Amino acid sequence: MRTSRRQFLKSASAAVLLPAPAIAQGAAPKVVVIGGGFAGASAARFVKAYDPQVSVTLVEANRTFTACPFSNGILAGLRDLGAQQFNYDHVAAAGVVMAFGNADAVDTQARTVALLNGPTLPYDRLVMAPGIDLRFDALPGYDARAADIMPHAWKAGEQTLLLRHQIESMEDGGTVVIVAPANPFRCPPGPYERASLIAYYLQAKRPRSKVIILDAKDSFSKQRLFQNAWKALYPDHLEWISLSQGGKVNSVSPGDMTLTTDFGSHKAAVANVIPPQRAGAIAQKAGVADRSGWCPVDPGTFESKQVPNVHVIGDAAIMGGMPKSAFSANAQGKVCAAAVVALLRGEKPVEPRLINTCYSLVAPDYGITVAGVYKPANGVLADIQGAGGVSPIEAPASQRALEAQFAEGWFKTITSEVFG
Ligand SMILES: Cc1cc2nc3c(=O)[nH]c(=O)nc-3n(C[C@H](O)[C@H](O)[C@H](O)COP(=O)(O)OP(=O)(O)OC[C@H]3O[C@@H](n4cnc5c(N)ncnc54)[C@H](O)[C@@H]3O)c2cc1C
């Protein structure tokens with residue numbers, strides 16, 4: 001949602017007053033944000049922009065952020081990792097105090113965050129945006145060591161380069177197998193964009209090879225658009241095997257590069273295993289994650305349903321219909337920032353509307369899109385019927401090319417808003 005400073009202040013000034021505002025009590029209120037990705041860095045910057053009086057500290061494990069959106073292009077040799085990387089100089093210049101290190105413990109009674117081998121930071125409000133952890137206990141045979149042989153590449157960086165290297169080194173005739181997880185997971189269209197761009201590469205450079213998706217689902221995001229495009233562009237280079245066709249992988253064996261389903265086993269030259277996921281570990285430690293591994297939140301303020309004064313945004317949170325995307329994470333960061341400032345002032349937060357748009361590239365000049373608009377309803381963020389949509393099923397090549405350009409423009413815009 002694009003809440004301008006003016007809109008925010010206007011609605012905030014009209015809002016009902018609540019007791020015990022931290023700002024009115026004298027000392028500058030303290031907001032700590034854990035995780036400097038699309039959600040957390042957005043929230044930190046927007047709290048500071050909405051109220052410069054608030055002291056904002058952003059705790060981030062790495063000095064360089066490596067963005068996942070567009071990282072599938074690296075796998076097809078279309079992009080370098082450097083194009084995905086950003087530092088926090090501009091975030092700091094915006095007045096956010098950077099604390100580089102791992103948030104190791106949250107004391108929700110004392111309202112403090114302890115960094116591993118670092119300081120303990122007090123907060124009035126904590127925003128948690130740790131993204132995802134891969135569940136190395138969910139798929140027999142797949143653990144952190146297996147990921148060195150069968151990369152997930154679902155956190156961009158070394159894993160992306162490893163998968164790229166494997167694809168590039170593969171002999172012609174080999175099969176690339178992508179294992180796609182059940183919902184919910186980070187970036188619902190991501191495995192299918194990945195398969196498309198790998199097929200694009202194979203068609204040109206390894207024409208006797210193909211990519212197979214073994215899927216734990218029977219349907220996926222932008223399915224008709226992807227499948228129509230695959231039929232037209234990659235009829236011999238891409239195959240999707242759904243859950244009901246025997247696509248669900250029950251175990252993997254990195255030693256002999258096989259993946260086993262109920263219907264038999266598949267031998268891969270390259271295996272990209274995207275395992276089930278959950279909220280980043282610190283969310284479990286802080287007690288904001290429930291048994292699903294994700295964090296239930298109030299859909300208006302993103303305050304945890306389990307722990308007061310702690311907000312959770314981005315991939316780590318359960319957001320009802322809103323998908324786990326960088327676009328969503330950025331929008332949630334802004335809305336959460338407005339809610340946090342309002343709550344610190346003792347004011348009632350404005351009920352938000354949020355937008356998500358996910359672009360996917362099927363080829364470098366072939367883009368498709370899904371968009372949705374969401375509002376709080378029945379305790380979650382619900383899709384506003386009729387407000388979103390997908391790219392037209394039939395469209396000329398010029399429109400697909402234009403959508404690919406929009407995708408590129410979106411990446412530049414979001415990364416300059418968050419890190420620029
Ligand atoms: C291949 C791929 C393609 C994608 N393409 C798109 C796309 O085209 N469009 C789109 O909108 N989205 C896309 N996504 C999804 C997008 O990357 C995520 O939804 C987004 O990154 C979520 O933002 P986040 O801030 O919640 O998490 P992240 O961006 O992962 O940020 C989390 C941050 O928290 C830090 N952190 C975690 N724990 C701690 C701790 N204890 N202490 C300190 N720091 C910590 C991490 O270091 C990290 O920097 C894609 C994802 C993948 C994998």
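Numbering of ligands and ligand atoms starts at 1, following listing order. The structure displayed is predicted, hence computed values, not measured ones. Note: hydrogens, waters and symmetry copies are ignored here, and every other heavy atom, side chains too, is used.
Of the N or O atoms in Cys358, none lie within a sub-3.5 Å distance of an N or O in ligand 1. Not one N or O of Trp154 is nearer than 3.5 Å to an N or O of ligand 1, by distance alone. Between Ala316 and ligand 1, no pair of N/O atoms sits closer than 3.5 Å. Of the polar atoms of Ile132, none of the N or O atoms is found under 3.5 Å from an N or O of ligand 1, judged by distance alone. By the 3.5 Å distance cut-off applied to N or O atoms, Glu60 is counted among the residues near ligand 1. Taking any N or O of Phe327, backbone or side chain, at least one lies under 3.5 Å from an N or O belonging to ligand 1. At least one N or O atom of Asp315, backbone or side chain, sits closer than 3.5 Å to an N or O atom of ligand 1. Remark: ligand 1 and Ala39 share an N or O pair separated by less than 3.5 Å (distance only, no angle test). Among the atoms of Ala103, some N or O lies under 3.5 angstrom from an N or O of ligand 1.
Regarding atom 31 (O) of ligand 1, its nearest protein heavy-atom neighbour is Gly37 CA, 3.3 Å. Scanning all protein heavy atoms for the shortest distance to atom 37 (C) of ligand 1 gives Pro130 O, 3.3 Å. Of the protein's non-hydrogen atoms, the one nearest atom 29 (O) of ligand 1 is Phe65 CZ, 3.4 Å.
Ionic pairing of Glu351 and Arg353 is present here: one or more N-O contacts between side-chain nitrogen and carboxylate oxygen are shorter than 4.0 angstrom. At a threshold of 4.0 Å, the pair Lys210-Glu239 counts as salt-bridged, since one of the basic side-chain nitrogens sits closer than that to a carboxylate oxygen. Of the charged side-chain nitrogens involved, at least one lies within less than 4.0 Å of a carboxylate oxygen, so that Lys155 and Asp133 count as a salt-bridged pair. Under the 4.0 Å criterion applied to side-chain N and carboxylate O atoms, Asp290 and Lys305 are not assigned as salt-bridge partners. Under the 4.0 Å criterion applied to side-chain N and carboxylate O atoms, Lys217 and Asp215 are assigned as salt-bridge partners. Under the 4.0 Å criterion applied to side-chain N and carboxylate O atoms, Glu193 and Lys222 are not assigned as salt-bridge partners.
Of all the heavy atoms of Ala326, the ones lying under 4.0 Å from any atom of ligand 1 are found in both the backbone and the side chain. Under 4.0 Å from ligand 1, not a single heavy atom of Asn356 appears.
Using a 4.0 angstrom heavy-atom cutoff, Arg194 counts as in contact with ligand 1. The closest approach between Pro189 and ligand 1 stays at or above 4.0 Å for every heavy atom of the residue. Distances shorter than 4.0 angstrom do not occur between any heavy atom of Gly280 and any atom of ligand 1. The shortest separation from a heavy atom of Phe411 to ligand 1 is not under 4.0 Å, leaving the residue out of contact.
The nearest pair of heavy atoms linking Pro364 to Ala404 is O-CB, 3.5 Å.
Judged by the 6.0 Å distance and 45° axis criteria, Arg135 is not positioned over the aromatic ring of Phe185. For the pair Arg79 and Phe411, the cation-pi criterion (under 6.0 Å, within 45° of the ring axis) is fulfilled.
Distances from atom 1 (C) of ligand 1 to the heavy atoms of Asn72, Ile34, Thr64 show the closest one on Asn72. Nearest residue to atom 30 (O) of ligand 1 from Lys324, Arg186, Gln332 is Arg186 (criterion: closest heavy atom).
Using a 30° and 60° split on the angle between ring planes, Tyr359 and Trp410 fall in the tilted class, from 30° to 60°.
A donor-acceptor pair under 3.5 Å is formed between the side chain of Arg206 and the backbone N or O of Glu168.
For the residue pair Thr260 / Asn250, no side-chain donor-acceptor distance below 3.5 Å is found, with atom types taken as modelled.
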